[in-house]
2 protein chains.
Amino acid sequence: MEEKMKEINSMLVEIYDDINHIEEYTIKQGAFNDISITEIHTIEAVGMYGSKTMSEIAQALDITMGTLTTAVDKLIKKGYMERSRSNTDRRIVNVSLTKRGKLAYRIHEKFHMDMVRAIMKDFTPEEEEILLQGLRKLNQHLKDIYTPGK
Amino acid sequence: MEEKMKEINSMLVEIYDDINHIEEYTIKQGAFNDISITEIHTIEAVGMYGSKTMSEIAQALDITMGTLTTAVDKLIKKGYMERSRSNTDRRIVNVSLTKRGKLAYRIHEKFHMDMVRAIMKDFTPEEEEILLQGLRKLNQHLKDIYTPGK
DNA sequence: GGCAAATATTTTGATAATCAAAATATATAG
DNA sequence: CTATATATTTTGATTATCAAAATATTTGCC
């Protein structure tokens, strides 16, 4: 039992580190080598469809709006997203992805999907189901011990 | 299939983020609230027993030695580690944990173990085994597509 | 034995990501 | 129509990071 726990822990730590490195590396090698992981995640948070407000994005990323403002400035300059003031409430700024932003989104999404595919490889449907349930439980458990912003 | 993959992916992303937040939060609340996660990881890389050279630590953390130098400077100032020149080769700097450093190490280790214990608690042995298998596969997949330092 | 090349580390000068608090602009409620 | 609330940006700071230059020491070789 103790042994298995240690293995799971070191798996988690290794996976955590590797994902970081690989995500970084993949971006640097790819077609969009002028953006960082952090920036990809900002693009991810804006989302493929329609637009999001600054507040929504900042909340999703769990960063302050000040941080987000500068991040969005740079991503606009690089051609990945655009800003527009809401017509109904001029305080609100809507951010949406450009063509280039959407392409970057899709490529990053593929990276993630390939990762999941690798996990599922050789799993029977039952195993798949069990894994999913396990992850749901783990996720819920983590949410229980800590809820962001609280 | 596609649906299930998407759910697994978003579970993984959420879990990843939550672990980050929880780790950060736990440190801020605890007895060693003058250090960051990054600093805890530096302490972790120095290790409980004996000492490590700057090169070894930098390689383990995958950061440059310049970055490490400043990190170690700060951790020494805060009383978590110490430096000493090797007697056999005066170019080499050995870094080791102080009592305080070792205590921080143990507390962080306990945090990890508690987390794994919490995860496993809700799992049946069958789920546990499948989760472990999934993690092993993911780990292998990540190693296959990228080997650090190459 | 002494100099050139290699090795280990630190210093320097720069950038990215982040925050809290102040400033700005707009909306809403009484 | 004014005071308060809300959404965002600006300001001033800190931390983590890198690459390249500088420093100190060791090793290899004539």
Starting from [atom2] on [N], measure out to [atom1] on [X] and report it in whole angstrom.
X	N	atom1	atom2	value
B/Leu61	D/dA16	CG	P	12 Å
B/Ile92	D/dA24	CD1	C1'	13 Å
A/Asn87	D/dA7	CG	P	17 Å
A/Ile63	C/dC19	CD1	P	7 Å
A/Leu68	C/dA16	CG	P	17 Å
A/Glu39	C/dT18	CD	C1'	14 Å
A/Asp73	C/dT18	CG	C1'	15 Å
A/Asn20	D/dA16	CG	P	15 Å

A/Asp34 and A/Lys74 ion-paired at < 4.0 Å: no
Can you tell me which nucleotide in [options] comes closest to the side chain of [X]?
X	options	value
A/Arg83	D/dT9, D/dT17, D/dA16	D/dT9
A/Arg90	C/dT26, C/dT9, D/dA16	C/dT26
A/Asp89	C/dA17, C/dT26, C/dC19	C/dT26
B/Thr70	D/dT25, D/dT17, D/dA16	D/dT17

Base D/dT8 to side chain A/Arg91, donor-acceptor N/O within 3.5 Å cut-off: no
ILVMFWY cluster, [X] and [Y] together (side-chain gap under 4.5 Å):
X	Y	result
A/Ile37	A/Met113	no
A/Ile27	A/Leu103	yes
A/Ile40	B/Val13	no

Plane angle bin for A/His108 and A/Phe111 - parallel if under 30°, tilted between 30 and 60°, otherwise perpendicular: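 Parallel: the ring planes of A/Phe111 and A/His108 meet at under 30°.
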Mutual orientation of the aromatic rings belonging to A/Tyr16 and B/Tyr16 [parallel < 30°, tilted 30-60°, perpendicular > 60°]: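 The rings of A/Tyr16 and B/Tyr16 lie parallel, inter-plane angle below 30°.
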Stepwise side-chain contact (heavy atoms from CB on, under 4.5 Å) test for A/Asp73 and A/Thr69: CA-CA 6 Å; A/Asp73 283 349; A/Thr69 296; 4.1 Å; yes
Strand contacts (DNA chain C) in residues 43-58 of chain B, 4.0 angstrom heavy-atom criterion: B/Thr53, B/Met54, B/Ser55
Looking at [N], I'd like to know if its phosphate oxygens (OP1 or OP2) sit under 4.0 Å from a side-chain N or O belonging to [X].
X	N	answer
A/Thr64	C/dC19	yes
B/Thr69	C/dT10	yes
A/Lys74	C/dT15	no

Upstream residue (5' side of DNA chain C) when B/Asn94 and A/Lys78 are each assigned their closest nucleotide: B/Asn94
Main-chain N/O of B/Gly79 paired to B/Thr98 side chain as donor or acceptor, under 3.5 Å: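 Indeed, once roles are kept as given, a pair shorter than 3.5 Å links the two residues.
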Backbone N/O of A/Met11 and side chain of A/Glu14: donor-acceptor pair under 3.5 Å: no
Sugar-phosphate only, base, or nothing, as touched by B/Ser36 at under 4.0 Å among non-hydrogen atoms: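 Answer is sugar-phosphate: B/Ser36 comes under 4.0 Å of backbone atoms only.
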Sugar-phosphate only, base, or nothing, as touched by A/Thr38 at under 4.0 Å among non-hydrogen atoms: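 Sugar-phosphate only.
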Salt bridge (Lys or Arg N to Asp or Glu O under 4.0 Å) partners for A/Glu82, two or more places apart: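 Partners of A/Glu82 by the salt bridge (Lys or Arg N to Asp or Glu O under 4.0 Å) criterion come out as none, since no residue qualifies.
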Nucleotides 20-22 of chain D: which of its N/O atoms have a protein N/O under 3.5 Å away?
none

